[in-house]
Structures are given as structure tokens and as C-alpha cells.
Amino acid sequence: MDSLTLNPLARADGSVQIPGSKSLSNRILLLAALAEGRTRITNLLDSDDVRHMLTALHQLGVDYTLAEDKRSCDLQGLGQAFRNPEALQLFLGNAGTAMRPLCAALCLGQGEYTLTGEPRMYERPIRDLVDALRTLGAQIDYLENEGYPPLRIQAQGLQGGHVSIRGNISSQFLTALLMAAPLATSDLIIEVEGELVSKPYIDITLHTMQLFGVQVENHQYQRFVVRAGQQYRSPGEIMVEGDASSASYFLAAAAIAGGTVRVYGVGADSVQGDKAFAQVLADMGAEVEYGPTWIQVKRGAELKGVDQDLNAIPDAAMTIATTALFAQGKTAIRNIYNWRVKETDRLSAMATELRKVGAEVVEGEDFIEITPPAQLKSASIHTYDDHRMAMCFSLAAFGDVPITIEDPGCTRKTFPEYFSLFRSITCER
Ligand SMILES: O=C(O)C1=C[C@@H](OP(=O)(O)O)[C@@H](O)[C@H](O)C1
Ligand SMILES: C=C(OP(=O)(O)O)C(=O)O
């Protein structure tokens with residue numbers, strides 16, 4: 001297997017323009033496809049997850065022109081739900097932001113659709129969404145294991161009415177229902193059962209729907225009312241914000257090693273919850289400054305461990321786990337059960353790899369506690385086909401020892417150019 005050895009790093013300095021947000025890119029593409037009118041999307045993310053959405057839309061008959069650098073796209077909306085006379089098979093890789101929203105959106109129209117993906121996608125739950133869609137009249141079958149993709153959808157429209165959906169596993173189920181809701185045949189009232197995880201992603205969803213002219217009544221994230229008869233309408237041109245989760249690695253590098261790193265493309269005005277990651281660095285002792293479209297971090301005094309519930313920022317929370325290797329004392333990251341159902345079981349993967357570099361780790365069902373060693377150990381980091389494992393562990397190279405990242409190409413899911421940008425702001429000892 002391909003691997004990349006990072007020599008010990010001394011410092012991080014400079015600025016980085018962060019590529020477009022995965023969460024926004026895939027939401028905007030889907031809503032632009034359903035909308036009336038033509039949408040020009042700029043700063044689109046070029047990565048596997050977005051490519052899977054683009055390929056699926058092409059198969060579904062959506063007409064678009066993608067620029068040569070794949071970062072801008074002119075897309076002609078259908079102005080209605082997908083209707084395809086021929087049965088289609090759509091391969092969605094391991095992209096949760098394609099599988100879940102498309103599963104709901106495809107039920108709105110007509111046709112027969114088989115949704116497939118990578119082996120890990122077949123271990124990622126989708127039952128809560130399928131159950132909710134079935135109560136609205138959807139016909140969806142599991143092709144292998146109950147509760148998991150691959151799926152077959154016989155689309156025949158979605159009714160409105162009342163539906164409840166569990167919120168404790170993934171916010172993407174609620175996102176999927178919300179985005180489909182305006183095209184249901186009557187008003188849809190969605191009740192969230194139990195805790196809603198990863199709540200700020202719902203704000204991204206509501207924000208994107210609003211950009212396309214659809215209003216949702218949000219009653220404290222417990223109950224949502226979406227009126228039928230609302231039509232998605234293209235806003236014309238949309239620029240995708242930089243990806244706040246992708247920004248976390250560069251900001252953490254500055255907090256760990258200094259000097260100063262500024263990321264452009266995501267800042268105080270961002271709609272992405274992961275902008276709050278920099279606040280956790282501030283709580284650990286870094287100096288953080290926010291501009292409207294940038295965030296800057298400087299190394300402050302010695303970093304100190306924190307004990308925080310990071311349910312709202314599950315992706316960026318992984319970056320805190322490796323930043324903890326450079327903090328005084330123990331860091332605890334709590335309420336992150338759903339790390340277990342993402343690209344890999346991230347709680348177990350993180351615990352295993354942190355121990356390899358010498359940390360003392362307690363892995364709970366929904367938390368992780370990390371106590372750093374006095375001196376990091378050189379290690380070869382297994383990345384479990386998880387882009388964030390590869391990116392997070394690049395930070396371990398600040399620990400005075402070489403670190404090998406196995407299969408560094410796995411960052412292609414959301415950030416193909418990660419290692420070259422990381423190199424551009426770091427210098428070796
Ligand atoms: O809606 C989204 O764009 C996402 C929601 C989060 O997933 P969960 O809601 O499953 O935690 C996040 O981890 C994922 O990377 C993207
Ligand atoms: C959990 C993630 O991806 P997905 O959108 O596939 O859920 C992630 O990017 O960390």
C-alpha cells in the first residue's frame with residue numbers, strides 16, 4: 001500500500017485558501033437540480049464525494065457543464081422531481097451527503113433506482129430515514145442487509161402529513177427529509193424523536209433551502225413544518241464557502257507549533273458549525289481571531305487539555321483528538337457515539353492509532369480520553385480508508401519523530417490536495 005512519511009515538523013506559518021465545503025457543495029448541487037432555472041456554482045469542491053453526486057445527477061438526466069478544473073458548474077434545473085423511464089443504478093461511493101439526500105429526493109418522482117456504494121457504505125445505517133419515507137408512501141427495499149444500503153427505490157411520489165424521525169444517529173436523515181419536503185403532495189410536519197446529533201448541519205440545510213427560495217418553520221429543532229407547493233428556484237449564482245472541517249487541520253497546526261496560520265474561505269460569517277472548532281483551540285490556549293471570511297490562529301501559551309461535549313462538530317472534533325497529543329494533561333471529547341458509524345468506527349480507530357504514538361487512551365462507548373506521552377513515538381498510522389484519520393495524524397509529525405501515513409490518497413473523499421497544502425504551511429526541523 002502507498003504511504004507517506006512526514007519528517008519531524010518544526011513550525012506552521014502562512015495562509016491557505018480552503019477548498020469548497022463538501023456539505024454545501026452536495027446540498028447546492030441537489031437543490032439546483034430540483035430547482036427552476038439555471039444555477040452557476042463557483043468554488044465547488046472537487047473531491048470523490050462531490051463527484052459521486054455529479055455523476056448521479058448526470059445519470060438522472062440533469063444537464064450541466066463542469067469547468068475544466070471542476071470548481072465551477074453551470075447547471076440547468078429540472079424544475080421538478082426526477083422522472084426516469086429506465087431503471088437506473090447510482091453508485092454513491094461512501095458519500096453520506098449523496099446517499100441520504102438522494103434516497104429521499106428520488107422517492108419524490110418516478111422511476112426505479114438502485115443506490116449502491118463502497119463496502120463501508122453498506123455498514124452505515126439508513127433505517128431511520130427509510131422508515132420515515134415509508135410512512136410517507138415510499139417503496140424502498142433493502143437489497144442486502146435490513147437497515148443498510150444498497151437500496152432499491154420504486155418512486156411514486158411522497159405524501160405529506162406527519163412523520164417522525166430519530167435524530168440520535170445522523171442528522172443527515174433529517175436533512176434528507178427536509179430537502180425533499182417541499183415537493184411532497186401536501187404539507188409535511190416532521191417531529192424529531194429523541195436527541196438530534198450534529199445539529200449545526202441542519203442549519204446548513206435550512207440555509208441552503210432558503211437560498212433556493214424555500215421556507216421551513218423550525219420549532220426548536222424538535223418540529224419542522226414545510227408547506228407544500230413551494231418551488232425551489234435558482235438564485236442565479238452561488239459561491240460555495242470554504243470547508244470548515246478541512247480548515248481545522250491548518251488551524252490546529254498553528255496552535256500546536258506556531259507561528260500564525262490564517263485560513264481563507266471560512267470565517268465568522270460562515271453557516272458551517274465547524275467554524276466553532278477554533279473556539280475549542282482558544283479554550284486550549286491558542287490565540288484565535290475571526291474575520292468575516294477568515295480565521296487566524298497563533299500559538300499562545302502552552303496548550304492545555306479540555307473536557308468538552310463536541311457532538312455539534314463531530315468531524316472537526318477528530319482534529320482535537322490529535323491536537324490533544326500536544327496539550328498539558330488529559331483531553332476528553334464527549335457525546336460522539338456516531339463517530340462509530342462514519343467512514344470507519346472512528347472511536348476505535350482513533351484510540352488504536354493514538355496508542356501507537358504513545359498516548360494513554362480511554363475509549364468509551366461515546367467518548368474518548370487522551371493523555372499525551374512525554375515524548376511521541378514514531379509510528380506508521382493505519383488510516384482505515386478514512387480521510388480524516390489521514391489528515392488528523394499529519395499533526396503528529398510535530399512531535400519530533402517521523403510519522404508515516406498509510407494510504408494518504410484516502411483524503412480524496414473530501415480533500416485531494418491536503419498533503420501539498422499542509423506542506424506549504426509547515427517546515428521541517
Ligand atoms: O450533513 C452533512 O453535510 C454532514 C453531517 C454530519 O454527519 P452526521 O449528521 O451523520 O453526524 C457530518 O459528520 C458529515 O461529514 C456531513
Ligand atoms: C462523516 C463524513 O462523511 P459523510 O458525509 O460521508 O457522512 C466526514 O466527511 O467526516
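What you see below is based on every heavy atom in this structure, not just the backbone, and it leaves out hydrogens, waters and symmetry mates.
Between R334 and D366 no salt bridge is recorded (no basic side-chain N to carboxylate O distance below 4.0 Å). Using a 4.0 Å cut-off between charged nitrogen and carboxylate oxygen, R11 and E428 do not count as a salt-bridge pair. D46 and K70 are not joined by a salt bridge, as no carboxylate oxygen comes within less than 4.0 angstrom of a charged side-chain nitrogen. Checked for salt-bridge contact, R299 and E302 meet the test: a charged N lies under 4.0 Å from a carboxylate O.
The OG atom of S72 sits 13.5 Å away from the CD1 atom of I238 when rounded to the nearest 0.5 Å. Between F398 atom CZ and I403 atom CD1 the span is 11.5 Å, to the nearest 0.5 Å. Annotation: the span from M53 atom CE to R27 atom CZ amounts to 9.5 Å, rounded to 0.5 Å. Within the model, atoms CG of L158 and CG of L188 stand 8.5 Å from one another, a figure rounded to the nearest 0.5 Å. For the atom pair CG of L303 and OG1 of T331, the computed distance is 9.0 Å after rounding to the nearest 0.5 Å. Distance check: I381 CD1 to T404 OG1 gives 8.5 Å after rounding to the nearest 0.5 Å.
Counting only residues at least two apart or in different chains, salt bridge (Lys or Arg N to Asp or Glu O under 4.0 Å) contacts with residues 318-333 comprise K330-E369. Residue pairs meeting the ring-ring contact (aromatic ring centres under 6.0 Å, His included) criterion with at least one member in residues 302-355, sequence neighbours excluded, do not occur. Listed by first and then second residue, the ring-ring contact (aromatic ring centres under 6.0 Å, His included) pairs that reach into residues 11-36 come to none, sequence neighbours excluded. Applying the salt bridge (Lys or Arg N to Asp or Glu O under 4.0 Å) definition to pairs two or more places apart or across chains, those involving residues 371-400 are D315-R388, R346-D386, D400-R429. Residue pairs that meet the salt bridge (Lys or Arg N to Asp or Glu O under 4.0 Å) test with at least one member in residues 238-266, sequence neighbours left out, do not exist here. Evaluation of the ring-ring contact (aromatic ring centres under 6.0 Å, His included) test over residues 7-63, restricted to residues two or more places apart or in two chains, returns H52-F91. Judged as a ring-ring contact (aromatic ring centres under 6.0 Å, His included), not a single pair has a partner in residues 8-35 (not counting sequence neighbours). The salt bridge (Lys or Arg N to Asp or Glu O under 4.0 Å) contacts involving residues 270-289 comprise nothing, where partners must be two or more places apart or lie in separate chains.
At least one donor-acceptor pair under 3.5 Å links the side chain of K413 to the backbone N or O of N94. Using modelled atom types, one side-chain atom of N43 and one backbone atom of V240 make a donor-acceptor pair closer than 3.5 Å. Y64 places no side-chain N or O within 3.5 Å of a backbone atom of L57 that could act as its donor or acceptor partner. Judged by distance alone, with hydrogens and angles left aside, the side-chain atoms of N311 form a donor-acceptor pair with the main-chain N or O of N335 at under 3.5 Å. Without hydrogens or angle criteria, Q59 side chain to Q89 main chain gives a donor-acceptor distance under 3.5 Å. Judged by distance alone, with hydrogens and angles left aside, the side-chain atoms of S21 form a donor-acceptor pair with the main-chain N or O of L24 at under 3.5 Å. For the pair Q375 (side chain) and G399 (backbone), a donor-acceptor distance under 3.5 Å is present. Put simply, the side chain of T205 gets close to the backbone of Y201: a donor and an acceptor are under 3.5 Å apart. Distance alone, capped at 3.5 Å, places no donor-acceptor pair between the S270 side chain and the V266 backbone. Listed for the S25 side chain is no donor-acceptor partner under 3.5 Å among the backbone atoms of K22.
Residues L178 and L206 are in side-chain contact: their nearest non-hydrogen atoms beyond the backbone lie under 4.5 Å apart. The shortest side-chain heavy-atom distance between Y290 and V288 falls under the 4.5 Å cut-off. A 4.5 Å side-chain heavy-atom check between I333 and D307 finds every atom pair outside the cut-off. L66 has its side chain within reach of L44: a pair of non-hydrogen atoms, C-beta onward, lies under 4.5 Å apart. Put simply, the side chain of T323 reaches to within 4.5 Å of the side chain of M284, judged on heavy atoms.
When the shell of 6.0 Å around CD of E217 is examined, it contains more than 12 heavy atoms from other residues, nucleotides or ligands. Enclosure of atom CD in E144 by more than 12 non-hydrogen atoms of other residues, nucleotides or ligands within 6.0 angstrom is indicated. Counting heavy atoms of neighbouring residues, nucleotides and ligands inside a 6.0 Å radius, atom CZ of R166 does not exceed 12 of them. Counting non-hydrogen atoms of other residues, nucleotides and ligands closer than 6.0 Å to CZ of R423 gives a total of 12 or fewer.
Closest of all the heavy-atom pairs between N26 and V50 is OD1-CA, 3.5 Å. Here the closest non-hydrogen pair linking A252 and T319 is CB-CG2, 3.8 Å. Across A35 and F212, no two heavy atoms sit closer than the pair CB-CD2, 3.9 Å. Of all heavy-atom pairs between P402 and T5, the closest is CB-CG2, 4.1 Å. In plain terms, the two heavy atoms of A81 and L183 that are nearest each other are N-CD2, 3.8 Å. Nearest heavy atoms, P182 versus Y232: CG-OH, 3.3 Å.
E123 and N145 are not linked by any side-chain donor-acceptor pair at a separation below 3.5 angstrom, with hydrogens and angles left out of the test. Between the side chains of T39 and S234, at least one donor-acceptor pair of N or O atoms lies under 3.5 Å. For the residue pair T175 / R100, no side-chain donor-acceptor distance below 3.5 Å is found, with atom types taken as modelled.
In this structure, the salt bridge (Lys or Arg N to Asp or Glu O under 4.0 Å) partners of R152, at least two apart in sequence or on a different chain, are E112. For D74, the salt bridge (Lys or Arg N to Asp or Glu O under 4.0 Å) partners are R40, not counting sequence neighbours. Not a single salt bridge (Lys or Arg N to Asp or Glu O under 4.0 Å) links D203 to another residue, sequence neighbours left out.
Here the two rings, on F250 and Y418, have centers that are under 6.0 Å apart.
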Distance-only check: which donor-acceptor pairs under 3.5 Å involve side-chain atoms of residues 351-362, not counting sequence neighbours?
unit_1: T352; atom_1: OG1; unit_2: S348; atom_2: O; d: 2.8
unit_1: E353; atom_1: OE1; unit_2: K356; atom_2: NZ; d: 2.8
unit_1: E353; atom_1: OE1; unit_2: H382; atom_2: N; d: 3.0
unit_1: E353; atom_1: OE2; unit_2: Y384; atom_2: OH; d: 2.5
unit_1: R355; atom_1: NH2; unit_2: V361; atom_2: O; d: 3.0
unit_1: K356; atom_1: NZ; unit_2: S380; atom_2: O; d: 3.0

task: Would you please test H387 and T414 for side chain to side chain donor-acceptor pair (under 3.5 Å) and show each step?
output: CA-CA 7 Å; H387 54 140; T414 57; 2.7 Å; yes

